[in-house]
> 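Below is the structure I would like to discuss, written out as structure tokens.
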Amino acid sequence: MAHQALWSGRFKEPLAEIALKFSSSIEIDKQLFQEDIAGSIAHVEMLAATKVLIASEARRIRTALRVIRREIETGKFKLSGQFEDVHLAIEQRLIQKIGALGGKLHTARSRNDQIALDERMYLRTAVRELCKLIIQLQRVLLYKAEKYFGVLMPGYTHVQRAQPIMISHHLLAYVSMLERDFERFQECRKRLNKSPLGAAAFAGTSFPIDRHLVARKLHFDGIVENSIDAVSDRDYLLEFVAAASITMIHLSRFAEELVLWSSKEFHFVHISDSYTTGSSIMPQKKNPDMAELVRGKTGRVFGSLVSLLTMMKGLPLAYNRDMQEDKAVMFDVVNTIRQCLFIFSHVLVHTTFNKKHMEEELRTDFLTATDMADYLVRKGIPFREAHEITGKIVSHCLERRMFFGNLDIDTLHTFSRAFEPDIFDYILPHKSVEQKKSAGSTSPQEVKKQIVHWTRVLKERKV
Ligand code: ARG
């Protein structure tokens, strides 16, 4: 049986069971009970401080709220479908426990500012947690970058072999991407960490409340000034999910690389058995499911972003019940990205690179063709011409099923007199990497700089 709603005064008939069932959000928003009670306690303390409530009344309400929190934690009070939402359930329980006095808690407050408050508090914690997971993943990447320092791999564009690179360089690219993710979440936190409480339904209240005091009590950096905006805004959630989507893109791109690299076709990495799965029919199979799931879950997070954007786009000010739909999405995004960041660190720890195979692949291809062209440029040949000559040499090799290593100086002279015997050394994969000079390049010096930089940054970093 449903409880009599706290708003039932003007109604002659109770809410139909099926209407309650349809509109109740408690099965989802019950996850916000900690935030909701913390918000209520701060609110009631402020009501006492501003003399809207008598101090002893406020104290009794606060004590009862703490008891209710304990009851929910221990399962004594169940936040079940008979309530419309978490806010009403807690308030109803309060009134049940301390009688009419409990009804004073909602003075100068609305569920509209309450839910915005709860979400902001929840997301604030989520940002902290996700940032910690990002740092952890960056540290694993840095560890691997140090471990494989000096080892080369084929670098790709268009999934076509392009130039030799240091494995460390590739891994550190993800550290940079994750750094921007970290910054985006921190940036998002700035706007997130403002208190909407005291906006009441949307127009403010005639009670002499102190919005700043509640904000301080709940560790906010300030208040959302405009009370209409305070209850209508979900930008903080949109921004959060947008930031989460970008982070997921990064994880998904890396996941895709792991899927490719662990295939027999690439054979670049080995993911340990404990982070791969088998096939129920094909006995030989070993599948990179963790990476595939990260890639797959990325779609879910994008879907959440689109769902929120669509939900918000036509809503007139101020609060509309449509906005209740934001919570399922919010929880799903937080849980999904949290799991993905977490598992990714572990998968990476248990992934090793097949050094030998990659070195072999580097020798039997044309990844240093750009270096050959650059060599000719150094001899005074314009780059476009050097490009053309080298292209012809590649074509010559392809026709004869050979590689640069099989060429001799006489053959090279048929393409350009500028070649000298030192060309053979110049186009060795490790030379290609070592010769790179530009900032941020794949040369050992530049990669080392990055390692030093990130070691310092990540060592000091705290959230
Ligand atoms: N359950 C609602 C939500 O999640 C809380 C705010 C409801 N406000 C209202 N006036 N019905 O959005």
Side-chain angles (χ1 to χ4, degrees), residues 2-11 14-40 42-43 68 72 78-95 103 105-124 126 192 195-205 214 218 224 227-238 240-241 304 307-335:
H3 285 267
Q4 189 187 11
L6 287 175
W7 40 252
S8 64
R10 60 99 70 218
F11 291 84
L15 184 66
E17 283 285 340
I18 54 168
L20 173 67
K21 202 162 174 228
F22 176 73
S23 58
S24 168
S25 57
I26 194 145
E27 284 308 332
I28 289 171
D29 63 25
K30 64 183 177 189
Q31 295 176 67
L32 293 170
F33 81 90
Q34 290 285 6
E35 287 80 2
D36 202 71
I37 291 179
S40 290
H43 176 68
I68 295 170
I72 300 172
K78 291 216 169 15
L79 296 169
S80 64
Q82 53 184 326
F83 300 104
E84 194 177 307
D85 56 29
V86 64
H87 325 293
L88 289 178
I90 292 167
E91 196 183 334
Q92 233 144 333
R93 181 68 169 175
L94 182 69
I95 293 167
L105 169 65
H106 212 54
T107 313
R109 188 178 74 168
S110 158
R111 278 182 293 156
N112 299 351
D113 53 356
Q114 227 180 320
I115 188 58
L117 177 87
D118 294 0
E119 288 188 352
R120 284 172 183 266
M121 288 174 74
Y122 170 82
L123 287 172
R124 185 170 72 176
L192 186 66
S195 170
L197 213 59
F202 74 108
T205 172
V214 196
L218 295 168
V224 184
S227 65
I228 299 176
D229 182 37
V231 294
S232 322
D233 169 42
R234 290 293 180 274
D235 292 3
Y236 57 87
L237 179 56
L238 287 168
F240 176 87
V241 180
S304 299
S307 131
L308 280 174
L309 290 166
T310 315
M311 181 195 86
M312 288 305 291
K313 85 177 182 62
L315 293 186
L317 304 185
Y319 178 82
N320 298 273
R321 191 69 180 269
D322 314 42
M323 289 155 87
Q324 176 169 290
E325 290 295 309
D326 66 353
K327 268 153 308 287
V329 172
M330 175 175 83
F331 292 126
D332 191 58
V333 168
V334 171
N335 289 333

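Counting begins at 1 with the first residue of the sequence. Order of appearance sets the numbers: ligands from 1, and atoms from 1 within every ligand.
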> For ligand 1, which of its N or O atoms have a protein N or O partner closer than 3.5 Å, and how long is each gap?
unit_1	atom_1	unit_2	atom_2	d
ligand 1	1 (N)	Ser25	OG	3.4
ligand 1	1 (N)	Asp85	OD2	3.0
ligand 1	1 (N)	Gln324	OE1	2.9
ligand 1	4 (O)	Lys327	NZ	2.7
ligand 1	8 (N)	Asn112	OD1	2.9
ligand 1	10 (N)	Asn112	OD1	3.3
ligand 1	12 (O)	Tyr319	OH	2.4

> So does Glu84 pair up with Arg111, basic N to acidic O under 4.0 Å?
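Arg111 and Glu84: salt-bridged.
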> Taking only residues two or more places apart in sequence or in another chain, which ones pass side-chain hydrogen bond (donor to acceptor under 3.5 Å, both in side chains) with Ser80?
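side-chain hydrogen bond (donor to acceptor under 3.5 Å, both in side chains) check on Ser80 returns Gln82.
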> Would you say Phe202 has more than 12 foreign heavy atoms packed within less than 6.0 Å of its CZ?
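For Phe202, atom CZ is not crowded (no more than 12 foreign heavy atoms under 6.0 Å).
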> Counting only heavy atoms from other residues, nucleotides and ligands, does the tally under 6.0 Å from CD of Gln31 exceed 12?
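Yes - once you tally the heavy atoms of other residues, nucleotides and ligands closer than 6.0 Å, there are more than 12.
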> Would one find more than 12 heavy atoms of other residues, nucleotides or ligands at under 6.0 Å from atom CZ of Phe11?
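Above 12, so yes.
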> Does Asp113 use its side chain to pair, donor to acceptor, with the backbone of Gly198 at less than 3.5 Å?
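Such a contact is found between Asp113 side chain and Gly198 backbone.
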